[in-house]
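Read through the structure below, which is laid out as structure tokens, and then see the notes.
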Amino acid sequence: MLTADIPPNQSIYIQNLNEKVKKEELKRSLYCLFSQFGKILDVVALKTPKLRGQAWVAFSEVTAASNAVRQMQNFPFYDKPMRIQYAKAKSDCITKAEGTFVPKDKKRKQEEKVERKREEAQRPHTANGPTSQNGAPAPSFQPNGQEAMPPNNILFIQNLPHETTSPMLQYLFEQYPGFKEIRMIDAKPGIAFVEYEDDVQSSMSMQALQGFKITPQNPMVISFAKK
DNA sequence: AGCACA
């Protein structure tokens, strides 16, 4: 019931977004928030009566979309839990890249073609049970090969130069809204925890500072802390 | 609730 029966797609469809947020800000925030799952090709949001409160995020990989659908389900975003599904159709940015883009006025015809094809395809074995295509989801991985943690208001920072101090980190991380504190452990150099007021704010900061180099050899590796 | 590409 919650998970609609829509086949995987590299684009996700998000609803229950806060309609008070301006379109451009919404798109930027969605971009920041979802970049943690992989490369984003496009974010689409419209404020027309029929389409407000919804958005599409097109990823370069289906696996990124899958992780996003699972992990960000009900994520509180501007005070409202996001409802995420796979998109029903390919994004224009995808079909354009594939060379199969069909301009708007011709889309209607195209859809009819597809329907006819389906009817012809008289399924040989008529198994009409629920298609459990996502029975055993593959473990989710970040682009950097790290296992993805679910969102958390606390960030885990790795690969810091050992001489890093907490004021140095504070200087960097306090630029982003919701910053609360830095925690470092003397016995464990090279890592730190950074706390924000909520998951949205920590996600924004992660996106902004991911890979930031305190020294040329030390690109920061930022993930959500374990709960 | 609402699946588009202004």
Side-chain angles (χ1 to χ4, degrees), chain A residues 1-121 123 128-135 137-138 140 143 151 199-200 203-204 207:
Chain A
M1 46 187 275
L2 266 175
T3 10
D5 187 20
I6 299 167
N9 189 312
Q10 62 192 276
S11 299
I12 58 172
Y13 170 63
I14 309 165
Q15 50 189 332
N16 199 39
L17 293 167
N18 190 326
E19 298 179 12
K20 283 176 279 187
V21 181
K22 296 218 177 53
K23 190 170 75 179
E24 284 315 311
E25 180 186 342
L26 181 70
K27 295 209 306 189
R28 270 188 289 116
S29 297
L30 288 170
Y31 187 93
C32 290
L33 193 59
F34 281 98
S35 290
Q36 57 179 303
F37 298 101
K39 183 161 196 267
I40 292 177
L41 303 177
D42 199 13
V43 178
V44 174
L46 295 291
K47 290 285 239 175
T48 59
K50 199 171 173 182
L51 292 171
R52 64 184 58 156
Q54 301 150 76
W56 290 261
V57 176
F59 290 97
S60 66
E61 305 288 341
V62 183
T63 52
S66 302
N67 288 338
V69 169
R70 285 206 317 278
Q71 294 184 39
M72 301 305 277
Q73 200 58 257
N74 302 317
F75 181 84
F77 189 60
Y78 294 105
D79 303 318
K80 299 189 71 181
M82 292 196 281
R83 300 286 134 78
I84 312 176
Q85 300 173 331
Y86 291 113
K88 284 182 181 164
K90 285 188 180 183
S91 297
D92 282 0
C93 68
I94 309 288
T95 56
K96 277 175 184 162
E98 290 175 349
T100 57
F101 176 67
V102 182
K104 265 215 219 76
D105 44 322
K106 297 194 177 163
K107 265 190 186 167
R108 193 60 241 168
K109 268 178 120 182
Q110 180 76 8
E111 280 158 19
E112 282 162 16
K113 256 192 198 170
V114 171
E115 274 177 33
R116 235 180 294 135
K117 252 187 165 179
R118 283 195 163 186
E119 281 160 23
E120 283 163 23
R123 283 169 270 172
N128 54 347
T131 47
S132 59
Q133 57 206 342
N134 48 357
S140 56
D199 313 23
V200 178
S203 299
M204 300 290 178
Q207 184 53 36

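Convention: sequence-line order gives letters A, B, ...; per-chain numbering from 1.
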Does a distance-only test, which skips hydrogens and angles, find a donor-acceptor pair under 3.5 Å between the side chain of A:Thr48 and the base of B:dA4? no

Between the base of B:dC3 and the side chain of A:Gln85, is there a donor-acceptor distance below 3.5 Å? yes

Aromatic rings A:Phe59 and A:Phe37: how do their planes relate, parallel, tilted or perpendicular, breaks at 30° and 60°? perpendicular

From B:dA4, B:dA6, B:dC3, nucleotide with atom closest to A:Ile6 side chain: B:dC3

If only side-chain N and O atoms count, and only distance matters, is there a donor-acceptor pair under 3.5 Å linking A:Tyr78 with A:Glu19? no

A:Tyr31 OH to B:dC5 P: how many Å, rounded? 22 Å

Spacing of A:Ile12 atom CD1 relative to B:dC3 atom C1', expressed in whole Å: 13 Å

Could you give the CH2-to-C1' distance, from A:Trp56 to B:dA6, as a whole number of Å? 13 Å

Can you work out whether A:Tyr13 or A:Leu46 has the more 5'-proximal nearest nucleotide on DNA chain B? A:Tyr13

Atom CG of A:Asn16 to atom C1' of B:dC3: distance rounded to whole Å? 16 Å

Whole Å only: how far is the NZ atom of A:Lys104 from the P atom of B:dA4? 10 Å

Side-chain ion pair, A:Lys90 and A:Glu98, N-O less than 4.0 Å: yes

Could you check how far CD1 of A:Ile14 sits from P of B:dA1, rounded to whole Å? 17 Å

Determine whether a donor-acceptor pair (N or O, by modelled atom type, separation under 3.5 Å) exists between the side chain of A:Gln36 and the backbone of A:Cys32. no

Taken to the nearest whole Å, CG/A:Leu17 to P/B:dC3 is 14 Å

Taking for each residue the nucleotide of DNA chain B with the nearest heavy atom, is it A:Lys23 or A:Ala87 whose nucleotide lies nearer the 5' end? A:Ala87

Could you give the CG-to-P distance, from A:Asn9 to B:dA4, as a whole number of Å? 13 Å

